[in-house]
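Below is one structure; the comments refer to it alone.
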Amino acid sequence: MNSGNRPLFSILIPSYNRPEYITECIDSVLANEGKDYELIISDDASLDADAIEEAVRPYLARSNIQFHRLRTNLGEPGNRNFLVSQATGEYNIILGDDDKLVPHALRTIRRYIDNYPGQDLYGFGYTVIDEKGKPCYSRYAPKGFAINLEHPELVRRMFEATWLPFLVYHPATFCCKRGVEKEIPYRQDVSTADDFMFLLDCLNKGIRMYVVPECLMMYRWFQSH
């Protein structure tokens, strides 16, 4: 599956002002089995950049972990695009700096890539956690299914933003085949909706998506905000 020495996964963490959570995020990736991944962190010129760099420094002894400290703030979509430009894996997974992967996430995604080939995106379920990491609720599909232009009703539901995607997968963290995010970069003209608009642009252009019916990440929700 891999091309030469290219890793299967590039785990990309856009960082901004969350030094208190970044190590939890990194540790959750490292808890996954196997070594066929690279981990790239990019701080977007945040005010806490020194603290984030200090928190990340001990991990940089690993050959598959990189840290970039941007001198100019690019905004979250720009930081995502920067990370994509640095990635060398067959698939990219962008993970929020306060979120976490579950320990079997990469193994599970690999299994679905093997069992359901020909897809460009693999979405998956998630568990919402609070500021302290306490689980609140989970959302995932009851069974796996494909979303593409051959299933116009599902695509229409995506555009209506009704029961898709938040009820069955998280629109900000998914597994994306190498090259797609360069062909369809994250937009900087849609405020905080760049991830959702990316998915809609992908579907419009014929990109094929499969929804994995399992919770594979933990999304931190700040209930006090």
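For the atom pair SG (Cys136) and CZ (Arg220), the distance works out to 10.5 Å, reported to the nearest 0.5 Å. In this structure, the separation between CG on Asp98 and SG on Cys25 is 8.0 Å, given to the nearest 0.5 Å. Taking CD1 of Ile93 as the start and OG1 of Thr173 as the end, the distance is 9.0 Å to the nearest 0.5 Å.
For an aromatic pair to be called close, the ring centres must be under 6.0 Å apart, and Tyr186 with Phe198 satisfies this. Side-chain rings of Tyr116 and Tyr210 approach one another, their centers coming within less than 6.0 Å. Separation of the Tyr91 and Tyr37 ring centroids does not fall under the 6.0 Å cut-off.
For the side chain to side chain donor-acceptor pair (under 3.5 Å) test with Arg69, the passing option among Asp50, Asp44, Asp43 is Asp50; the others fail.
Residues Pro14 and Ile41 fail the side-chain proximity criterion, which asks for heavy atoms closer than 4.5 Å. Within the 4.5 Å cutoff, the side chain of Thr127 has no heavy atoms near those of the Tyr140 side chain. Residues Glu131 and Trp221 are not in side-chain contact: their nearest non-hydrogen atoms beyond the backbone lie 4.5 Å or more apart.
Between Arg187 and Asp189, at least one side-chain N (NZ, or NE/NH1/NH2) sits under 4.0 Å from a carboxylate O, which counts as a salt bridge.
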Assess the residue pair Glu76 and Tyr16 against the criterion (side chain to side chain donor-acceptor pair (under 3.5 Å)); give the C-alpha distance rounded to whole Å, side-chain angles, the decisive distance to 0.1 Å, and a yes or no. CA-CA 9 Å; Glu76 187 169 357; Tyr16 191 78; over 6 Å; no
Checking His68 against Gln66 for the side chain to side chain donor-acceptor pair (under 3.5 Å) test, could you report, in this order, the C-alpha distance in whole Å, the side-chain angles of both residues, the deciding distance, and whether it holds? CA-CA 7 Å; His68 297 271; Gln66 302 176 35; 3.1 Å; yes
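Pairing each heavy atom of Met217 with each of Phe124, the nearest pair is CG-CE1, 3.7 Å.
When only modelled atom types and interatomic distance are considered, Glu181 and Asn92 share a side-chain donor-acceptor pair under 3.5 Å.
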